[in-house]
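Here is the structure we will look at, set down as structure tokens.
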Amino acid sequence: MRHTLTLLNHTASIAPRFRSSFESIWKPGQRLGAYTRTSLAVSGGVDSMALASLCSANAASMGLSSPLVGFIVDHRLRHGSTVEAHEVAEELLQLRIEPHVLTLDWAHHSSKIDHLENSARKLRYQAIGRACQEQGIDTLLVAHHADDQAETVLMRIVGKYFGTGLRGIATRRPILECPGIYGVNDSGSPRIAEDGQIMIESGGLDIVRPLLDYTKAELIDYCKTSNVKWLEDKTNADVTFTRRNTIRHLQKNKLLPVALRSERLLALSTNVAERETQVELAAQNEFDRLSISLDVRTGVATFDGNHELSGSTGRRVKTALLRMLLSLVTPATEVKLQDAYETAELIWPEARSEENKPVSFQTASVNVVPPTTPNNRLWTMSRQVPTQKDVALQCITLCDSAGPGLRFSTWRLWDSRYWIRICRPEKDHASPGHDSDICVRFLRKDDVAQLMKSLDQPQRSRLRRCLALAAGNTRFTIPAIVAKTNPTTSRSHADEVIALPSLGWSMSGWTLWPGEHALSVATVESFYDIRYKKVDIVRDVLHQVHASLPDVRTSRDEPASRIVA
């Protein structure tokens, strides 16, 4: 594919609208050039090449950083894919876009597995996500267009999903295909609570779709007018290859009823999106006015259940508000709409009476408990005591990276609530767990009993002070860093608890990572580091975040508080 760059022809129908549509989906109050670098996912098809050309020609006027970065993924699922990927890379160079060809690793996946399209999609986004993280990129532009939107809505109708999913593809959203990848999955730019040492994550990679208002026919017309060349993927014409290809064929040839054609589906998507946006704005307004307290040490939150909602607040707004509240503490990646819809009225009923008293309930793996006394207005939300399945799934090994000096493990997302890592010197034989696998799992009752037996009196007192932060069964929902003893080198098969990272307690030889000052802490061999998941709460008059850890210095006189670089 050869092409000589030509400046954007502003007589093309979509060109004059591109910047305004692009600006409309940027974060409110944020300049276009506020990101460090901007990247594009480029397949070489007409839609992604149109996006590349439009961004290249308008980069300066839109405030996009330069050079733009284009990621081309070689799936290696068909003959010639590698050659085509490098042809697309040559084209991007002509458009003043820095190309990067990423090759998918199918080592742990079969190319003949069911749902090949979904598997390839996840691997593609994960490869791009990691590449963005390595280059400090937090925005990925993709070229989904109006035809894709109509196809998506129809696929959801076919799948009998008639809820808010009919709004179709979002114009911008966090990347969902990279769970647990630090710096990509809602993480990478932590902020510290004003009164404590535990950081709260923010950042991550956002996907932005600036072409959803444009049809594929418009994009083809633009590319032809502007002399932009593209590649055709022959598998897109195979109506038996995927369900989406079948729907695309039916739409293109107008073989569907009028009610299911693109124009009607796009109108439906727009109507649902507008309605849901109003609901979300109303719920955000109520959230901002609500008295909320979040303790990131234990993952417990409280809110004022007697708060008077606006007079026009309906059940859908209450549902959206409850989903926002549950997201503060739930281990679920998403609070299902139906779960919140069925329980929102338990907190904010249409009319409260003696017969209609508040009751406790569980949803999204969260215990929601009403006020326990007449004078108490606060509802409490806490992580549900883990099931046996939860316990098995949330035992994660923290593997050290190789190399001299201090060795950091990879950040691991534990229970979808805490990001945790450890750091040990290359030769670490003095601290507990030096010859064991270091894991993070739920604290257990037998752990506490064993610690109380093995620790001396001052150490037990320090442990009790920390455990006092997590009352009752709450303590068995917090993380424990343990050394799993190697049975070939030890007769004991019991786990040795090294630290309760969210409570700030640890055995001698381990302490909370103090940032760049770690090298000056000569008496400590090993560190743990912990951050709470990304939550949409910022400390102010109504919203409180608690993250301070008790001063429980060990006999080795370890630092009492975290030093932030």
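Side chains included, hydrogens not; waters and symmetry mates left out as well; all remaining heavy atoms used.
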Does Gln149 reach the main-chain N or O of Ile169 with its side chain, forming a donor-acceptor pair under 3.5 Å?
-> yes
Taking atom CZ of Arg76 as the centre, does the number of heavy atoms from other residues, nucleotides or ligands within less than 6.0 Å exceed 12?
-> no
Would you check if Arg124 and His75 make a side-chain contact, meaning some heavy-atom pair closer than 4.5 Å?
-> yes
Could you tell me which non-hydrogen atom of Asp186 sits nearest to which non-hydrogen atom of Pro174, and how far apart they are?
-> OD1-CB, 3.6 Å
Is the backbone N or O of Arg421 less than 3.5 Å from a side-chain atom of Asp529, with the two atoms forming a donor-acceptor pair by type?
-> no
Asp288 atom CG, neighbour heavy-atom count above 12 within 6.0 Å = yes
Partners passing side chain to side chain donor-acceptor pair (under 3.5 Å) against Asp339 (at least two apart in sequence or in another chain) = none
Across all chains, not counting sequence neighbours, the side-chain contact (heavy atoms from CB on, under 4.5 Å) partners of Arg156 are Thr152, Tyr161, Leu166
Does His543 reach the main-chain N or O of Phe287 with its side chain, forming a donor-acceptor pair under 3.5 Å?
-> yes
Can you name the side chain to side chain donor-acceptor pair (under 3.5 Å) partners of Glu342, sequence neighbours left out?
-> Gln338
What pairs with Asp390 under salt bridge (charged side-chain N to carboxylate O under 4.0 Å, His left out), at least two apart in sequence or on another chain?
-> Arg383
Those residues at least two apart in sequence (or on a different chain) that pass ring-ring contact (aromatic ring centres under 6.0 Å, His included) with His100 are Phe71
Using a strict cut-off of less than 4.0 Å between a Lys/Arg side-chain nitrogen and an Asp/Glu carboxylate oxygen, indicate whether Arg78 and Glu84 qualify as a salt bridge.
-> yes
Could you give the side-chain donor-acceptor pairs of residues 325-335 under 3.5 Å, partners two or more places apart or in another chain?
| unit_1 | atom_1 | unit_2 | atom_2 | d |
| --- | --- | --- | --- | --- |
| Ser327 | OG | Met324 | O | 2.5 |
| Thr330 | OG1 | Ala332 | N | 3.0 |
| Thr330 | OG1 | Ala364 | O | 2.6 |

Residues that Lys160 engages under side-chain contact (heavy atoms from CB on, under 4.5 Å), provided they are two or more places apart | Phe162
Under the side-chain contact (heavy atoms from CB on, under 4.5 Å) rule, what do Val42 and Met49 come out as? Steps first, then yes or no, please.
-> CA-CA 7 Å; Val42 183; Met49 292 308 299; 3.8 Å; yes
Glu177 meets the salt bridge (charged side-chain N to carboxylate O under 4.0 Å, His left out) criterion, sequence neighbours left out, with Arg121, Arg173
Kindly say whether Ala273 contributes a backbone atom to a donor-acceptor pair with the side chain of Thr277 at under 3.5 angstrom?
-> yes
Mind listing the closest non-hydrogen atom pair of Gly180 and Leu413 along with its distance?
-> CA-CB, 4.2 Å
Residues in side chain to side chain donor-acceptor pair (under 3.5 Å) with Ser202, at least two apart?
-> none
Side-chain contact test, heavy atoms from C-beta onward, threshold under 4.5 Å: evaluate it for Asp415 versus Pro479 and give yes or no.
-> no
Hey, does the side chain of Tyr222 reach the backbone of Leu51 with a donor-acceptor pair shorter than 3.5 angstrom?
-> no
Here the pair of heavy atoms bringing Ala50 nearest to Leu219 is CB-CD2, 4.1 Å
Return yes if some donor-acceptor pair links the side-chain N/O of Trp414 with the main-chain N/O of Gln394 below 3.5 Å, else return no.
-> yes
Short side-chain to backbone donor-acceptor contact, Asp147 and Lys216, under 3.5 Å = yes
Could I get the full list of salt bridge (charged side-chain N to carboxylate O under 4.0 Å, His left out) partners for Glu263, not counting sequence neighbours?
-> none
Mind checking what makes side chain to side chain donor-acceptor pair (under 3.5 Å) contact with Ser365, not counting sequence neighbours?
-> none
Between Ser56 (side chain) and Arg96 (backbone), is there a donor-acceptor pair under 3.5 Å?
-> no
Exercise: identify the closest heavy-atom pair between Cys178 and Asn185 | O-CB, 3.1 Å
Taking it one step at a time, do Ile438 and Tyr528 satisfy side-chain contact (heavy atoms from CB on, under 4.5 Å)?
-> CA-CA 11 Å; Ile438 305 298; Tyr528 61 87; over 6 Å; no
Salt bridge (charged side-chain N to carboxylate O under 4.0 Å, His left out) between Arg172 and Asp206: does it pass, once the steps are laid out?
-> CA-CA 7 Å; Arg172 73 171 303 123; Asp206 275 357; 2.9 Å; yes
Check against salt bridge (charged side-chain N to carboxylate O under 4.0 Å, His left out), Lys318 and Glu286 | CA-CA 9 Å; Lys318 294 176 185 177; Glu286 297 297 342; over 6 Å; no
Could you tell me whether the side chain of Thr139 and the main chain of Leu205 form a donor-acceptor pair under 3.5 Å?
-> no
Are side-chain heavy atoms of Trp230 and Cys223 found at a separation under 4.5 Å?
-> yes
Residue pair Ser48 / Leu40, side-chain heavy-atom distance below 4.5 Å | no
Spell out, as yes or no, whether a donor-acceptor pair under 3.5 Å connects the side chain of Arg441 to the backbone of Val391.
-> no
Rounded to the nearest 0.5 Å, how far does CD1 of Ile175 lie from CD1 of Ile128?
-> 7.5 Å
Not counting sequence neighbours, which residues clear salt bridge (charged side-chain N to carboxylate O under 4.0 Å, His left out) with Glu201? List them please.
-> Arg531
Mind checking the CG-OG1 spacing from Leu266 to Thr270? Nearest 0.5 Å is all I need.
-> 6.5 Å
